[in-house]
2 protein chains.
Amino acid sequence: MTSLWDRSRQVAVQAILDTALRLFAEQGYEQTTIAQIAREAGISQRSLFRYFGTKEDLVCGDQDALGELLKQTVEQQPAEVSAWDALRAGFEVLLTANHTPERALELSRLIFDTPALHARYIEKRLRWQAALVPVVQARLGAAPGPTPDPRAKAIVATVFACADSATELWATHDGRLDLADLYAQCLAAVRGRS
Amino acid sequence: MTSLWDRSRQVAVQAILDTALRLFAEQGYEQTTIAQIAREAGISQRSLFRYFGTKEDLVCGDQDALGELLKQTVEQQPAEVSAWDALRAGFEVLLTANHTPERALELSRLIFDTPALHARYIEKRLRWQAALVPVVQARLGAAPGPTPDPRAKAIVATVFACADSATELWATHDGRLDLADLYAQCLAAVRGRS
DNA sequence: GCCTACCTGGCAGTTAATGCCAACTAGGCG
DNA sequence: CGCCTAGTTGGCATTAACTGCCAGGTAGGC
C-alpha cells in the first residue's frame with residue numbers, strides 16, 4: 001500500500017534532512033536560513049514547512065518516534081523488574097535504535113551547542129517524561145490518592161537527568177567513552193551512599 | 001549614585017512587566033503581541049526590545065539574578081556540608097527570594113502551560129546547572145583528571161530534576177502543598193532504598 | 001550655558017512561520 | 001483512453017519577532 005506518493009515523500013524528507021544537517025554542520029544552525037536549505041534541497045520554502053513544521057524539527061523531529069519506542073519498552077518489561085531497571089532497559093534500547101554512532105554524535109553536538117535546539121530537545125523530552133510517569137507509577141504499585149505521589153515523577157525526571165548528563169559528557173568527549181557506562185556512573189553517583 | 005536615569009529605568013521596567021503579565025494572564029502568551037504590550041505600556045516597540053531582548057525574557061528574564069544567588073548560596077555553605085545539603089540550602093533560599101507566592105504561582109503556571117516559555121525557562125536553568133557543576137565538584141573533593149568525573153554533573157542535574165518536579169506538582173495543585181516538602185519527597189524517592 | 005554621552009523612537013529590513021489560491025499529478029472509474 | 005477527484009506543490013501576501021541605523025532629545029559634567 002506504499003504508493004508512489006509515500007515513497008517520494010520519504011525520499012524528499014531524507015534529501016531535506018541531509019541538506020539541512022550538512023549546512024548546519026558547515027555554517028552553524030543560526031546562520032543557516034530556511035530559504036537556503038530549501039534552495040539547495042531543490043524544494044520550495046512552502047513545502048519544506050509542510051514536511052517540517054519548524055526549523056527546529058529538522059534536528060529534533062524524529063525524537064517523537066523514539067519516545068514512543070521508549071515508553072513501549074519500559075511498559076513491556078516483566079512485572080518483577082524494578083522501575084529503575086525498566087527505565088534503564090528502555091534507555092539501552094534507545095541507544096541501539098538511534099542512528100549510526102557518528103550521526104548521533106553529530107546531532108548531539110549540534111543540540112548541545114545550540115541553545116535554541118537544546119531547549120527544544122528538552123521540551124520534547126519532557127513529553128516523554130509525562131508519558132512515562134503513569135507507567136512507572138504502576139510499577140511502583142502506588143494507589144493514587146488525594147495527596148499525589150511525587151515518587152514516579154521524581155524517578156523519571158532523575159533518570160532523564162542522568163541520561164542527559166551522560167549524553168552530554170559523551171558528546172563533549174567525541175564519543176570516545178561508553179555511553180551506557182557513563183549513564184551507570186551518573187546513576188551510581190545519585191543513588192549510591194555518599 | 002542612583003541617577004535619575006537609573007530610577008526611571010526601574011520604573012519603566014516595572015511598568016512594562018506589569019502590563020505584559022496582565023495581558024499574558026488575560027489573553028494568553030501567544031495571543032499577546034509585542035506591539036500591544038508596548039502600546040499599553042506607553043513605550044516604543046524599539047525601546048521595549050532594549051529593556052527585554054526577547055519576548056520570553058518578559059517572563060523568564062529575572063531568572064538570571066536568581067541563578068547567581070543560587071550559586072553564591074551553595075558556594076558559601078560550610079565546607080563540612082555535603083553537596084546534597086548545600087544544594088538544598090540554595091534551593092530553599094530561592095524559595096524565599098522568589099516573589100510573593102501568588103506571583104510565583106502565576107508565573108509558574110504561565111511557564112508550564114506555554115511550551116515556548118517552558119523551553120526558554122529550562123534553557124536558563126541549564127546555565128545555572130553548568131555554573132554549579134564546578135562548585136559541587138569542589139565539594140565532592142574530586143581531583144579533575146583525564147577521565148572526567150560525572151558525579152557532580154549528575155548530582156546537579158538530579159537536584160534540578162527534583163526541584164522541577166516539585167515545582168510542577170506545586171503549580172498544578174494551586175500552591176496548596178508545601179513546596180519544600182514536595183522537594184524532600186522527590187529527593188527521598190530517588191535516594192532512598194526502594 | 002554649552003557639550004558630551006546616553007537614551008529614545010521611528011523606519012526599514014531580515015527571518016521564521018501561516019493562510020490562500022492556482023497549477024499540477026497520481027490513481028480510480030466509466 | 002479520457003475524465004475526475006483528491007492530495008500535492010509552489011508562489012504570493014501577511015504576520016510577528018527581532019535587528020541595524022539614524023535623527024532627535026535629555027541628563028549631568030564642565
Side-chain angles (χ1 to χ4, degrees), chain A residues 1-17 19-21 23-24 26-61 110-111 114-121 123-124, chain B residues 1-17 19-21 23-24 26-61 110-111 114-121 123-124:
Chain A
M1 185 56 197
T2 77
S3 66
L4 192 148
W5 271 341
D6 289 329
R7 265 174 291 138
S8 66
R9 184 183 172 85
Q10 280 307 108
V11 171
V13 163
Q14 203 52 51
I16 295 170
L17 238 37
T19 307
L21 268 290
L23 290 175
F24 290 159
E26 283 174 13
Q27 356 169 318
Y29 176 79
E30 317 271 7
Q31 283 68 42
T32 307
T33 68
I34 293 282
Q36 188 184 8
I37 299 170
R39 205 180 324 120
E40 299 210 10
I43 199 178
S44 83
Q45 211 165 328
R46 194 64 190 82
S47 289
L48 198 159
F49 274 116
R50 269 194 274 262
Y51 283 120
F52 302 90
T54 70
K55 186 182 178 185
E56 288 141 359
D57 277 349
L58 286 166
V59 179
C60 305
L110 192 58
I111 289 173
T114 312
L117 284 177
H118 200 172
R120 180 71 163 193
Y121 163 72
E123 196 190 324
K124 298 225 172 207
Chain B
M1 186 53 199
T2 74
S3 66
L4 193 147
W5 271 341
D6 289 328
R7 265 174 291 139
S8 65
R9 184 183 171 84
Q10 278 307 106
V11 171
V13 163
Q14 203 52 51
I16 296 170
L17 237 37
T19 307
L21 268 291
L23 289 175
F24 289 160
E26 283 174 14
Q27 353 170 318
Y29 177 78
E30 316 270 10
Q31 282 68 42
T32 306
T33 69
I34 294 282
Q36 188 184 9
I37 299 171
R39 206 181 323 122
E40 299 210 10
I43 198 178
S44 83
Q45 210 165 327
R46 194 64 188 83
S47 289
L48 198 158
F49 275 115
R50 268 194 274 264
Y51 284 120
F52 302 90
T54 70
K55 185 183 179 185
E56 288 140 359
D57 278 349
L58 287 166
V59 179
C60 305
L110 192 58
I111 289 174
T114 311
L117 284 177
H118 201 174
R120 180 69 163 193
Y121 164 73
E123 194 189 323
K124 299 227 172 205

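Throughout, a chain's letter reflects where its sequence line sits, starting with A, and its residues are numbered from 1.
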Checklist entry - Any side-chain N or O of A/Y51 less than 4.0 Å from the OP1 or OP2 oxygen of D/dT9? => result yes
Next on the checklist: Rounded to whole Å, please give me the gap between CD in B/Q36 and C1' in D/dA17.
Outcome noted: 15 Å
Checklist entry - How about A/Q45 and A/R39: do any of their side-chain heavy atoms sit closer than 4.5 Å? => result no
Next on the checklist: Can you confirm whether A/E56 sits close enough to A/Y29 that some side-chain heavy atom of one is under 4.5 Å from a side-chain heavy atom of the other?
Outcome noted: yes
Checklist entry - Looking at the side chain of B/R50, which of C/dT8, C/dT15, D/dT19 is the nearest nucleotide? => result C/dT8
Checklist entry - Quick one: does B/R120's side chain get under 4.5 Å of B/T54's, heavy atoms only? => result yes
Checklist outcome for this item: B/F49 CZ to C/dG10 P, in whole Å, measures 15 Å
Next on the checklist: If we count only N and O atoms by modelled type, under 3.5 Å, do the side chains of A/T19 and A/E40 hold a donor and an acceptor together?
Outcome noted: no
Item to check | Selection from C/dG9, D/dC18, C/dA16 that lies nearest to any side-chain heavy atom of A/I34 | outcome: C/dA16
Next on the checklist: Would the distance check show the side chain of A/T33 and the main-chain N or O of A/Q36 forming a donor-acceptor pair, the cut-off being under 3.5 Å?
Outcome noted: yes
Checklist entry - D/dA16 P sits how many Å from B/Q27 CD, rounded? => result 12 Å
Checklist entry - Which residue lies toward the 5' end of DNA chain C, A/G53 or B/L48, if each is placed at its nearest nucleotide? => result B/L48
Item to check | Between C/dA16 (C1') and A/E30 (CD): distance, integer Å | outcome: 12 Å
Checklist outcome for this item: Which of C/dT15, C/dT8, D/dC18 is nearest the side chain of B/S47? It is C/dT8
Next on the checklist: Expressed as a whole number of angstroms, how long is the span from B/R9:CZ to C/dT8:C1'?
Outcome noted: 12 Å
Checklist entry - How long is the line joining CD of A/Q31 and C1' of C/dT15, in whole Å? => result 13 Å
Checklist outcome for this item: Separation of D/dG10 atom P from A/Q45 atom CD, nearest Å, is 11 Å
Checklist outcome for this item: Taking D/dT9, C/dA16, C/dG9 as options, the one with an atom nearest any side-chain atom of A/K55 is C/dA16
Checklist entry - Nearest to the side chain of A/R46, which nucleotide is it out of D/dG11, D/dA17, C/dT8? => result D/dG11
Checklist entry - What integer distance in Å separates A/F52:CZ from C/dA16:P? => result 15 Å
